[in-house]
Trainee: 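Structure in structure tokens, see below.
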Amino acid sequence: MQRLGPKTEMGLKELFIANSEDHFLLKLSAGKLEQANKLEEAKIISEKSMTEFRHARGIFEKLVSYLGEDKMLEWLKEIEKMKEENSRDIFVKYSTIYMLSSFLSDKKVEPEVKVQLQLKSKECLPKILDSYEKILNDPNVKLD
């Protein structure tokens with residue numbers, strides 16, 4: 001297995017986190033637009049959401065090819081220990097855990113690990129949704 005330089009690995013991980021966050025921000029925002037009957041805008045935002053999802057998936061596959069599944073499982077544990085100081089931290093953390101757990105569960109991991117990862121990703125959804133709503137309702141947050 002080839003090695004990544006430490007800066008390249010860190011950069012790819014940061015991109016994965018950003019793409020995970022962007023995917024969920026866009027996906028949930030598309031849902032809000034749809035509820036507001038702004039269907040064309042919702043469709044455009046939804047497509048952008050899927051682009052972010054595909055970017056995250058590609059970065060994940062690149063990381064797995066260089067680091068292996070075991071190192072990615074270790075990284076998942078590191079992310080789970082991230083500090084949460086505000087709603088945005090919670091959103092970023094659980095969006096990343098969701099995507100990483102979901103993608104890892106698609107790999108050839110042991111059946112019990114696969115089930116744990118699938119459960120972990122499902123458990124993230126309420127935290128993602130709640131923190132998204134708090135971000136939207138925070139008067140100090142600027143969305144432009």
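What you see is a predicted model, and the numbers here were worked out from it, not measured in a lab.
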Trainee: Return yes when atom CD of E112 has more than 12 non-hydrogen atoms of other residues, nucleotides or ligands closer than 6.0 Å, and no otherwise.
Mentor: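 It does: E112 CD has more than 12 such atoms within range.
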Trainee: Does a side-chain N-to-carboxylate-O contact under 4.0 Å join D22 and K27?
Mentor: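 Result for this pair is no, no salt bridge flagged.
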Trainee: Any ion pair linking K107 and E61 (charged N to carboxylate O, less than 4.0 Å)?
Mentor: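 A salt bridge links E61 with K107.
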Trainee: With ring centroids as reference points, do F103 and F53 lie under 6.0 angstrom apart?
Mentor: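 Yes.
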Trainee: Check whether any side-chain heavy atom of E123 sits under 4.5 Å from a side-chain heavy atom of I97, and report yes or no.
Mentor: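 No, every pair of side-chain atoms sits at 4.5 Å or beyond.
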Trainee: Just by modelled atom types, is the V92 backbone N or O under 3.5 Å from a matching donor or acceptor in the S95 side chain?
Mentor: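 Pair absent, no side-chain N/O of S95 close to backbone of V92.
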Trainee: Between S101 (side chain) and Q118 (backbone), is there a donor-acceptor pair under 3.5 Å?
Mentor: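 No; zero donor-acceptor contacts below 3.5 Å.
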Trainee: Rounded to the nearest 0.5 Å, how far apart are CG of L117 and CG of L100?
Mentor: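 Reported value, rounded in 0.5 Å steps: 8.5 Å.
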Trainee: Within the side chain of S105, is there an N or O that forms a donor-acceptor pair under 3.5 Å with the backbone of S102?
Mentor: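 Confirmed, S105 side chain pairs with S102 backbone.
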Trainee: Using modelled atom types and a 3.5 Å cut-off, is there a donor and acceptor pairing between side-chain atoms of D130 and backbone atoms of P126?
Mentor: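 Such a contact is absent between D130 side chain and P126 backbone.
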Trainee: How many angstroms lie between atom NZ of K134 and atom CD1 of I90, to the nearest 0.5 angstrom?
Mentor: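 Answer rounded to 0.5 Å: 6.0 Å.
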Trainee: In this structure, which one of L25, L28, L26 forms a side chain to side chain contact (heavy atoms under 4.5 Å, CB included) with I45?
Mentor: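 Checked L25, L28, L26 against I45; only one passes side chain to side chain contact (heavy atoms under 4.5 Å, CB included): L26.
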Trainee: Between N137 (side chain only) and E133 (backbone N and O only), is there a donor and an acceptor less than 3.5 Å apart?
Mentor: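 Answer holds: yes.
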Trainee: Are K120 and E80 within salt-bridge range, i.e. N to O under 4.0 Å?
Mentor: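 So K120 pairs with E80 through a salt bridge.
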Trainee: Assess whether a salt bridge exists between K13 and E9, defined as any Lys/Arg side-chain N lying under 4.0 Å from an Asp/Glu carboxylate O.
Mentor: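 Salt bridge present between K13 and E9.
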Trainee: Provide the closest heavy-atom pair for L12 versus L63 in the form atom of the first, atom of the second, distance.
Mentor: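 Shortest heavy-atom contact: CB-CD2, 3.8 Å.
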Trainee: Say whether T8 and Y66, considering side chains only, have a donor N or O and an acceptor N or O under 3.5 Å apart.
Mentor: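 Side chains of T8 and Y66: no pair found under 3.5 Å.
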Trainee: Could E52 and K48 be called an ion pair, given the rule that one side-chain N must be under 4.0 Å from one carboxylate O?
Mentor: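 Not counted as a salt bridge, because no side-chain N and carboxylate O are separated by less than 4.0 Å.
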Trainee: For residues 69-97, pull every pair meeting ring-ring contact (aromatic ring centres under 6.0 Å, His included), keeping only residues two or more places apart or in separate chains.
Mentor: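 For residues 69-97: F16-W75.
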Trainee: Taking atom CD1 of I128 and atom CE of M99, what is their separation to the nearest 0.5 Å?
Mentor: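 Here the interatomic distance stands at 9.0 Å.
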Trainee: May I ask you to decide if M82's main-chain N or O and K93's side chain share a donor-acceptor pair within less than 3.5 Å?
Mentor: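 The answer is yes, because a donor-acceptor pair under 3.5 Å joins these two groups.
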Trainee: Would you give the length of the straight line joining atom CG of L15 to atom NE2 of H55, rounded to the nearest 0.5 angstrom?
Mentor: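 Those atoms lie 10.0 Å apart.
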Trainee: List the steps and the verdict of side chain to side chain donor-acceptor pair (under 3.5 Å) for Y132 and S29.
Mentor: CA-CA 9 Å; Y132 174 79; S29 296; 3.0 Å; yes
Trainee: What are the two closest non-hydrogen atoms of I135 and R88, and how far apart are they?
Mentor: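 Shortest heavy-atom separation between I135 and R88 comes out as CD1-CA, 3.7 Å.
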